[in-house]
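Below is one structure, written out as structure tokens; comments come after it.
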Number of protein chains: 2
Amino acid sequence: MLQYQETPLDLVFQALADQTRREMVERLSRGPASVSELAAPFAMSLSAVGQHLKVLEASGLVRSEKHGRVRTCRLEAEAMRRAQQWISLRRANWEQRLDRLGEYLDADDSNETTTGSQP
Amino acid sequence: MLQYQETPLDLVFQALADQTRREMVERLSRGPASVSELAAPFAMSLSAVGQHLKVLEASGLVRSEKHGRVRTCRLEAEAMRRAQQWISLRRANWEQRLDRLGEYLDADDSNETTTGSQP
DNA sequence: CTGATACTGAAGCATTCGCTTCAGTATTGA
DNA sequence: TCAATACTGAAGCGAATGCTTCAGTATCAG
């Protein structure tokens, strides 16, 4: 196992940036659904939902397969994980920095912290 | 402590959806920076970077304050946390569901799993 | 005071986005 | 076979995005 997925993060966050698509993800987190089922809660055309679905699939967040005339969609945990991890890593970096700064200031507090970079 | 922040998630993911802005966040995760410092790596006008910064601030991901003629920007960990958590929660939901399904199938495997909703 | 620095704002412009409608194409149930 | 179902695709359209340039406004260094 080692799949050739790896959609750019741009597409993942782009996909999550829309309220409708986030609600679709929310729905899919509770289990697979057909396109019509996915569309049901929304006051928009099936076509529009189909377009949102395409965005979600392009991002790798959702996978789908067609059986007969019904397309069944399911969430792809791996793409979720990558997005989560990107944020997590930057936050960790920043918070760790704040911690180190805190310790530093505890030891000696006659300092400025304007640019954060040491020339 | 209990701030009246709470920017809608839409704006956070929207902000993260752009490569330039993600690189700005990346930069800020390594420490505070001025607008010009933030703009330095990019082949675009300072004005454009200023506009990106405005998006990041509106999302709550970045906070900034002006001292003299220099605006210093820093990351806001809390907004990062909320975005991360949204993804995390949906993923957890979905993966837990997969686990339960796995156990169920281990016990009895004469079943279909097409729609995932029991009518 | 004077010129450089560091933004800041407004206008414009091409592209993308989120829809719509309308017209298809497969499937399926009766 | 025949109509209903479940999408699917193309065209169009108004609004939002991501820039640009140009013209400011403070602030600071000499």
Side-chain angles (χ1 to χ4, degrees), chain A residues 7-28 32-59 61-74 112 114-117 119, chain B residues 7-28 32-59 61-74 112 114-117 119:
Chain A
T7 5
L9 230 25
D10 248 50
L11 297 182
V12 181
F13 286 122
Q14 197 89 252
L16 291 175
D18 185 273
Q19 170 70 22
T20 303
R21 285 192 295 263
R22 270 203 318 286
E23 285 180 41
M24 288 168 74
V25 167
E26 170 89 57
R27 166 66 187 81
L28 289 174
S34 71
V35 178
S36 325
E37 281 172 334
L38 226 40
F42 302 108
M44 68 176 72
S45 72
L46 191 64
S47 202
V49 172
Q51 287 167 49
H52 279 303
L53 182 60
K54 203 172 284 182
V55 173
L56 285 168
E57 292 211 56
S59 78
L61 283 167
V62 168
R63 192 167 40 92
S64 79
E65 40 191 284
K66 197 158 184 176
H67 293 116
R69 60 183 167 175
V70 176
R71 176 171 300 276
T72 304
C73 312
R74 62 192 67 243
E112 300 145 51
T114 40
T115 55
S117 46
Chain B
T7 5
L9 231 25
D10 249 50
L11 296 182
V12 181
F13 286 122
Q14 196 90 253
L16 291 175
D18 185 274
Q19 171 70 22
T20 303
R21 285 192 295 263
R22 270 204 316 287
E23 284 179 42
M24 287 167 75
V25 167
E26 171 90 56
R27 167 63 188 81
L28 289 175
S34 71
V35 178
S36 324
E37 281 172 334
L38 226 41
F42 302 109
M44 69 175 73
S45 72
L46 190 64
S47 201
V49 172
Q51 287 168 49
H52 279 303
L53 182 60
K54 203 171 284 183
V55 173
L56 285 168
E57 292 211 55
S59 78
L61 282 166
V62 169
R63 193 166 39 93
S64 79
E65 41 192 285
K66 199 159 183 176
H67 292 117
R69 60 185 167 175
V70 176
R71 175 171 299 279
T72 304
C73 313
R74 63 193 64 244
E112 300 146 49
T114 41
T115 55
S117 45

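Per chain, numbering begins at 1; letters A, B, ... match sequence-line order.
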Scan residues 47-58 of chain A for pairs that pass side-chain hydrogen bond (donor to acceptor under 3.5 Å, both in side chains), counting only residues two or more places apart or in two chains.
A/R21-A/H52, A/E57-A/S64

To the nearest Å, how far apart are B/M44 CE and D/dT21 C1'?
15 Å

Show the nearest heavy-atom pair for residues B/V49 and B/A39, with the distance to one decimal.
CG2-CB, 3.6 Å

Can you sort out which residues in residues 16-24 of chain B have a heavy atom within less than 4.0 Å of DNA chain D? Ascending by number, please.
B/D18, B/T20, B/R21

Integer-rounded Å distance: D/dA6 C1' and A/R69 CZ
6 Å

Between B/S34 and C/dC7, is there a side-chain N or O to OP1/OP2 distance below 4.0 Å?
yes

Answer yes or no: does a side-chain N or O of B/R71 lie under 4.0 Å from OP1 or OP2 of C/dT8?
yes

Looking at DNA chain C, which of residues 45-53 of chain B put a heavy atom within less than 4.0 Å of it?
B/L46, B/S47

Evaluate the side-chain proximity of B/L53 to B/R71: yes if any heavy-atom separation is below 4.5 Å, no if none is.
yes

In this structure, CZ of B/R63 is separated from OG1 of B/T72 (nearest 0.5 Å) by 11.0 Å

Is the shortest side-chain heavy-atom distance between B/T20 and B/M44 below 4.5 Å?
yes

Length of the CD-P vector between B/E57 and C/dC7, whole Å:
12 Å

Closest contact, heavy atoms only, A/V62 versus A/C73:
CG1-CB, 4.0 Å

Measure CG/B/L11 against C1'/D/dT17 and give the value in whole Å, please.
14 Å

Any side-chain heavy-atom pair of B/L16 and A/L9 under 4.5 Å
no

Grab the two heavy atoms, one from B/L28 and one from B/A33, that are nearest each other, plus how far apart they are.
CD2-N, 3.8 Å

What integer distance in Å separates A/L56:CG from C/dC17:C1'?
14 Å

Could you tell me whether the side chain of B/R27 reaches within less than 4.5 Å of the side chain of B/L38, counting heavy atoms only?
yes

To the nearest angstrom, the CG-C1' distance between B/D10 and D/dA16 comes to 13 Å

Between A/G68 and B/Q14, which is nearer to the 5' end of DNA chain C once each is assigned its nearest nucleotide?
B/Q14

Starting at atom CD of B/E37, determine the distance to atom C1' of C/dC7, rounded to an integer number of angstrom.
14 Å

For a quick test of reading the model: is some side-chain N or O of B/K66 closer than 4.0 Å to OP1 or OP2 of C/dT8?
yes

Expressed in angstrom and rounded to an integer, what is the separation of B/H67 atom NE2 from C/dC7 atom C1'?
15 Å

